[in-house]
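Let me begin by presenting the structure, written as structure tokens, before commenting on it.
Whatever order the structure lists ligands and atoms in, that order sets their numbers, starting from 1. Just so it is clear, the values below take in all heavy atoms, side chains as well, and ignore hydrogens, waters and symmetry mates.
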Amino acid sequence: MTALTLSTAGAATLRADAVVVGVAKGAKGPVVAPGAEAVDKAFGGKLAAVLETLGATGAEGEATKVPAPSGLKAPVVLAVGLGAVPDKTDAADGEYAEETLRRAAGVAARVLAGAKKAAFALPVATAEDVQAIGEGALLGAYAFTAFQAVPKDARGPLGEAALLGAKPRDKAHKAAAERAVTVAEEINRARDLVNTPPNELNPVSFAAVATAAGKEHGIKVQVLDEKALTKGGFGGILGVGVGSEAPPRLVKLSYTHSKAEKSLAFVGKGITYDSGGISLKPAGHNETMKCDMAGAAAVFAAVVAAARLGLQVNVTGWLALAENMPSGSATRPGDVLRMYSGKTVEVLNTDAEGRLVLADAIAKASEETPDAIVDVATLTGAMVLALGNRTFGIMANDDAFRTSLHEIAEEVGEPSWPMPLPADLRKGMDSPTADMANMGERMGGGLVAGLFLQEFVGEGITWAHLDIAGPAFNEAGPFGYTPKGGTGSAIRTLVRLAERTADGDLG
Ligand code: BES
Ligand code: MN
Ligand code: ZN
């Protein structure tokens, strides 16, 4: 992966293939952002004018390359747009938002693919800015080439991102850079898993990957195979996985800290391929369904990140892994499953499979009475219709917890929105045969799925559900630090929740 370094060198004196500067949208044209003073000086103070001549406006997403004048050690200057110049009023501090910096650094890293070393002379006001720029650079440099005999992009990723403006001897800045590396590496690990084709990544191979990573990072890993799942009565996970040649798994990852006072359980939907099962998805709806394990990948990555960061909190990850396939042994619409919790569920649509595997994992996680459970899932197309491709929905059985998660997501630059769990939608899941059905009213389908899950949360346990069906997989072109394909959605939110819980900032 791309290396991240902090350098005390000036923007004009560091030897690199390019120096990255920020350009904002001012009232009268582009404005060079702080951090790039030395570069601007080499242009005789005319960098903004040069950029304007080249058509730059300072808009977010913009990248403008300029040959460097003599006086700079780098041959190229890359100006990345930062959007509007931040306000300096009583309410605003005049600093650039962390997510703005993260995205701009991501754009720069993408544009500079193939370069050995780039100097980032973006505005740095705080240690958090160091982390954001570091994350953006490492996330933007990501490429998935494992299945290309001849790499599509022959340039390869940026070799090194050297951050200027950060202080390598400042403890907070150093720690911020280390956090950025850990978080970005784990997000990229999850992206790799999501991008891996489903003939290669199935429940068995996913469990093996988790077992190996657990060993490496001091995390206890337990894998329940189909025999153990049968013995334990995990009817939901088994019912979804029974149609596939690759048997289902429930993986438990336990990270513990000797001084932890709180415990969190993260539960991930890990459908390694969602064909819909007997309620088969039509062509046009199944080509990207390798992404249906993105929740499990996010949970896995977040637990490993918590372990690598040594957070003072216990974090348990539950990966509910199954492949949803049609076959002679597959669950039929009309079958009744006896779930781990003891409830029976009539399967009216085998394509509503995520809630079945999650229900078992949530019920199991509840037995350990964690301080909170958060599940993450590419659960419903309805959530994509409601919130689009970049925003995940947050549902919860506790208003304060839902609000906290929304604030945390905002803080780490992940777009999200709180969604309700309207009680009137519950009756749509009444079944004449079983305790409930796995489907209800079509309208509000994302909320119906949330209400289904809520039935399996242990009494008195705080729970939230993140429906990442929209942002988990980017079918459009790359933007900011987000590549095409797997994105690593919700990982930064989970990690920050663990950090805040460790710090005692939450209830
Ligand atoms: N994995 C899908 C949801 C999904 C849709 C994820 C689009 C990512 C992008 C899920 O298993 C599913 O098929 N949900 C159904 C539920 C319905 C049958 C009640 C849906 O949303 O249509
Ligand atoms: Mn489905
Ligand atoms: Zn699914």
- When you measure from atom 21 (O) of ligand 1 to every protein heavy atom, which one gives the shortest distance, and what is it? G381 N, 2.7 Å
- Task: Flag this pair as yes if the NZ/CZ of R189 is under 6.0 angstrom from the six-membered ring centre of F300 and inside a 45 degree cone about the axis; otherwise no.
- Result: yes
- Item | Atoms of ligand 1, numbered as shown, that sit under 4.0 Å from any heavy atom of M439 | 19 (C)
- Message: Suppose we measure from atom 4 (C) of ligand 1 to each protein heavy atom; which comes out shortest, and what is that distance?
- Response: M289 CE, 3.9 Å
- Query: Short check: any N/O/S atom of D351 below 2.8 Å from the Mn ion (ligand 2)?
  - Reply: yes
- What are the two closest heavy atoms between V267 and I362, and how far apart are they? CG1-CG1, 4.2 Å
- Give me the ring orientation class for Y255 and H257: parallel if the planes are under 30° apart, tilted from 30 to 60°, perpendicular past 60°. perpendicular
- Task: Just jot down the ligand 1 atoms closer than 4.0 angstrom to any heavy atom of A469, in number order.
- Result: 6 (C), 8 (C), 9 (C)
- Item | Any donor-acceptor N/O pair, N195 side chain to G486 backbone, under 3.5 Å | yes
- Using non-hydrogen atoms of the residue, decide whether M383 is closer than 4.0 angstrom to ligand 1. no
- Measure up the F234 and Y340 rings against each other and bin them: parallel (under 30°), tilted (30 to 60°), perpendicular (over 60°). parallel
- Task: Give me the ring orientation class for F144 and Y142: parallel if the planes are under 30° apart, tilted from 30 to 60°, perpendicular past 60°.
- Result: parallel
- Message: Using heavy atoms and a 4.0 Å limit, tell me yes or no: is K269 in contact with ligand 1?
- Response: yes
- atom 2 (C) of ligand 1: which protein heavy atom is closest, and how many Å away? D274 OD2, 3.5 Å
- Got a sec: is I271 within less than 2.8 Å of the Zn ion (ligand 3) via an N/O/S atom? no
- Message: Suppose we only count N/O/S atoms under 2.8 Å; would D351 qualify as near the Zn ion (ligand 3)?
- Response: no
- No-hydrogen, no-angle side-chain donor-acceptor test under 3.5 Å, S329 and S327: yes
- Query: Taking just the N, O or S atoms of D274, which one is nearest to the Mn ion (ligand 2)?
  - Reply: OD2
- Side-chain heavy-atom pair L421, N397 within 4.5 angstrom cut-off: no
- For R355, is the nearest heavy atom under 4.0 Å from an atom of ligand 1? yes
- Query: Any chance the side chains of T380 and D467 put a donor and an acceptor closer than 3.5 Å?
  - Reply: yes
- Heavy-atom nearest neighbour of atom 11 (O) of ligand 1 within options M293, E353, K281: E353
- Query: With distance as the sole criterion, is a donor-acceptor pair present between the side chains of T272 and N202 under 3.5 Å?
  - Reply: no
- Please name the atom of E353, restricted to N, O or S, that is closest to the Mn ion (ligand 2). OE1
- Among D351, N324, N286, which one satisfies side chain to side chain donor-acceptor pair (under 3.5 Å) with K281? D351
- Query: Taking atom 3 (C) of ligand 1 as the point of reference, which of V357, L379, D351 owns the nearest heavy atom?
  - Reply: L379
- Starting from atom 18 (C) of ligand 1, which protein heavy atom do you reach first, and at what distance in Å? N349 ND2, 3.5 Å
- Item | Angle in degrees, rounded to 10°, that NZ of K269 and OE2 of E353 form at the Zn ion (ligand 3) | 90°
